[in-house]
Protein chains: 2
Amino acid sequence: MQGKFDPLLLENQLCFPLYAAAKALVRRYEPFLEPLGLTYTQYIVMLVMWERKVASVNEIGERVHLDSGTLSPLLNKLVSKGFLEKTKGEDSRFRFIALTKSGEELRKRAESIPMQIGCCMDFTQEEATTLYTLCYKMLNQVS
Amino acid sequence: MQGKFDPLLLENQLCFPLYAAAKALVRRYEPFLEPLGLTYTQYIVMLVMWERKVASVNEIGERVHLDSGTLSPLLNKLVSKGFLEKTKGEDSRFRFIALTKSGEELRKRAESIPMQIGCCMDFTQEEATTLYTLCYKMLNQVS
DNA sequence: TCTAGATAAATTGTATGCAATATATTTATT
DNA sequence: AATAAATATATTGCATACAATTTATCTAGA
């Protein structure tokens with residue numbers, strides 16, 4: 001009478017809710033980011049730049065887990081929007097990406113976004129911390 | 001002496017570990033799926049088809065949280081690989097997607113993948129369940 | 001019955017992601 | 001100094017994602 005556990009049932013896979021929840025959360029950010037002229041991926045790059053002010057493409061990539069194939073065109077877009085500028089380093093293999101004044105000013109407009117996202121979610125602080133910790137544990141183990 | 005909490009620090013955002021962990025986990029699946037001729041997204045669609053045998057594009061889309069813009073070309077690829085076939089329904093606005101014999105056989109080769117992924121991760125059953133539950137909670141709240 | 005919505009799927013356009021390759025530059029070795 | 005290996009970034013090719021539009025078909029009301 002008891003059904004055998006099916007490992008291939010969508011609902012029995014941990015990967016799927018993680019994959020779907022991540023996509024859904026990114027989509028939730030987009031209406032808040034659109035007025036700033038940013039996509040979600042551009043936003044996480046800006047988070048790094050607001051903190052670092054200057055960084056090489058590699059340094060940004062390690063921080064956000066993206067490679068040059070994704071970052072090169074994305075950084076060009078942020079440069080053409082005026083939020084970043086790109087210069088060669090002494091070692092001219094490097095490109096140094098730097099925050100512009102316009103990029104710095106954008107920070108103020110982004111500051112309230114995390115709270116606005118958090119507000120409309122019914123997560124306790126403990127649940128959020130648990131999810132955060134387990135995601136980082138997953139990230140460390142699989143990447 | 002105490003630094004103010006910065007909501008825009010990458011490490012202070014819940015979205016980032018979720019986004020990065022999901023991408024990393026998907027990448028972890030790909031070497032196991034490549035011999036079967038599937039990408040990760042194609043795999044989750046096959047999970048639905050192994051369970052359902054027949055479904056409309058919309059039904060698949062609701063299940064995997066993807067729209068026709070993603071599914072139409074993806075289903076065409078699975079049809080051209082011989083795993084699925086597509087027929088018109090009575091109401092010819094619908095396309096009915098059905099599992100082929102070859103698609104059915106592929107199931108056996110996929111059966112061990114979830115365990116192989118799980119094995120190389122140091123997650124307790126409780127941690128996995130907690131992560132699973134919180135991701136579904138997130139998904140239900142933001143989508 | 002005729003036609004205005006409604007519905008399902010496909011198409012278009014833009015932006016990722018990432019593997020693999022190419023290019024440019026630097027460093028190490030002879 | 002000449003060149004092989006290493007390094008940083010850019011480019012290419014393929015596969016998503018998803019909003020917005022289009023196409024095809026169906027249904028309900030005049």
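Per chain, numbering begins at 1; letters A, B, ... match sequence-line order. Computed from a prediction, not measured in an experiment: that's the story for all the values here. As a basis for the values below, the full set of heavy atoms in this structure was taken, side chains included, without hydrogen atoms, waters or symmetry mates.
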Provide the full list of salt bridge (Lys or Arg N to Asp or Glu O under 4.0 Å) pairs with a residue in [range], sequence neighbours left out, each pair given once.
range	value
residues 68-86 of chain A	none
residues 7-19 of chain B	A/Arg63-B/Glu11
residues 116-143 of chain A	A/Glu127-B/Lys137, A/Lys137-B/Glu127
residues 64-73 of chain A	none

Within this structure, what is the [atom1]-to-[atom2] distance between [X] and [N], rounded to whole angstrom?
X	N	atom1	atom2	result
B/Leu75	C/dA10	CG	C1'	11 Å
B/His65	D/dT16	NE2	P	18 Å
B/Asp67	D/dC18	CG	P	7 Å
A/Phe94	D/dA6	CZ	P	16 Å
A/Glu62	D/dT9	CD	C1'	14 Å
A/Lys88	D/dA10	NZ	P	10 Å

Mind checking if [X] touches a base, just sugar-phosphate, or nothing, with heavy atoms under 4.0 Å?
X	result
B/Glu59	nothing
B/Asp91	sugar-phosphate
B/Asn58	sugar-phosphate

Requested in this report: Specify the residue among A/Ala24 and A/Lys86 whose closest nucleotide of DNA chain D lies further upstream toward the 5′ end.
Outcome: A/Lys86

Query raised in the report: With A/Glu104, which residues qualify under salt bridge (charged side-chain N to carboxylate O under 4.0 Å, His left out), at least two apart?
Result: A/Lys53

Query raised in the report: Looking at residues at least two apart in the chain, or sitting in another chain, which of them share a side chain to side chain donor-acceptor pair (under 3.5 Å) with B/Arg95?
Result: none

Query raised in the report: Contacts to DNA chain C from residues 43-56 of chain B, heavy-atom cutoff under 4.0 Å, which residues?
Result: B/Ser56

Query raised in the report: Quick one, which residues of residues 30-37 of chain A touch DNA chain C with a heavy atom under 4.0 Å?
Result: none

**Report entry** Closest approach of A/Ile60 to A/Ala55 (non-hydrogen atoms, all atoms of both residues)
**Finding:** CG1-CB, 3.9 Å

Protein-nucleic acid N or O pairs under 3.5 Å, nucleotides 3-6 of chain C:
none

Query raised in the report: Is the shortest side-chain N/O distance from B/Ser92 to OP1 or OP2 of D/dC26 below 4.0 Å?
Result: yes

Can you tabulate the close N/O pairs, meaning under 3.5 Å, that link protein atoms to atoms of nucleotides 13-16 of chain C?
unit_1, atom_1, unit_2, atom_2, d
C/dT16, OP1, A/Thr39, OG1, 2.6
C/dT16, OP2, A/Gln42, NE2, 2.7
C/dT16, O3', A/Thr41, OG1, 3.2

Report summary line: Note: contacts of residues 135-143 of chain B with DNA chain D (heavy atom, under 4.0 Å) are none

Requested in this report: Any ring pair (Phe, Tyr, Trp, His ring centres under 6.0 Å) involving residues 49-76 of chain A? Give me the pairs, sequence neighbours left out, ordered by first then second residue.
Outcome: none

Query - B/Thr100 side chain to B/Phe83 backbone, donor-acceptor under 3.5 Å - result: yes

